Amino acid sequence: MWTFFLWKIAALVAAIYCIVRAVIDLRRRRYGWGIVGLPSALMFLMTPIQTHAVKVYLPAAGS
């Protein structure tokens, strides 16, 4: 359970860094890096993190 929490925190920190860096780059008129930073943050924020796995055991054929 703690590993999922740590992964969520790490992804959130990385996304915040990308957003801040993109804003700084856009203000300095480095549009290429700013435009690259925003989708990077979206990628971190939209990545699914599996927290509740379900195991389904099916009966073996021929048993």
Side-chain angles (χ1 to χ4, degrees):
M1 186 68 155
W2 285 101
T3 35
F4 296 123
F5 179 72
L6 291 176
W7 278 110
K8 286 182 185 181
I9 296 298
L12 187 62
V13 169
I16 291 171
Y17 175 78
C18 288
I19 290 170
V20 169
R21 191 69 204 168
V23 169
I24 291 171
D25 286 337
L26 289 173
R27 286 186 177 179
R28 291 183 180 173
R29 298 180 189 235
R30 289 188 263 176
Y31 298 113
W33 288 113
I35 291 172
V36 169
L38 292 176
S40 299
L42 283 175
M43 182 183 69
F44 280 119
L45 292 174
M46 297 182 72
T47 301
I49 298 174
Q50 184 179 4
T51 57
H52 298 350
V54 176
K55 293 183 181 179
V56 178
Y57 296 102
L58 299 174
S63 296

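Because the structure is a prediction, the values reported are computed rather than measured.
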Exercise. If Ile, Leu, Val, Met, Phe, Trp and Tyr residues are connected whenever their side-chain heavy atoms lie under 4.5 Å apart, and connections chain through other members, are Tyr31 and Leu38 in the same group?
Worked result: yes
Seminar exercise, completed: Here the pair of heavy atoms bringing Phe44 nearest to Ala15 is CB-CB, 3.9 Å
Exercise. Between Cys18 and Ala41, what is the shortest heavy-atom contact and its length?
Worked result: CB-CB, 3.8 Å
Exercise. Using links of under 4.5 Å between side-chain heavy atoms of ILVMFWY residues, direct or through other members, which residues join Tyr17 in one cluster?
Worked result: none
Problem set entry | All side chain to side chain contact (heavy atoms under 4.5 Å, CB included) counterparts of Val20, not counting sequence neighbours | Ile16, Ile24
Problem set entry | Counterpart residues, side chain to side chain contact (heavy atoms under 4.5 Å, CB included), relative to Leu42 (two or more places apart) | none
Problem set entry | Pairs flagged by salt bridge (charged side-chain N to carboxylate O under 4.0 Å, His left out) wherever residues 24-42 is involved - sequence neighbours left out | Arg21-Asp25, Asp25-Arg30
Exercise. Taking only residues two or more places apart in sequence, or in another chain, which ones meet Ile9 in a side chain to side chain contact (heavy atoms under 4.5 Å, CB included)?
Worked result: Phe5, Val13
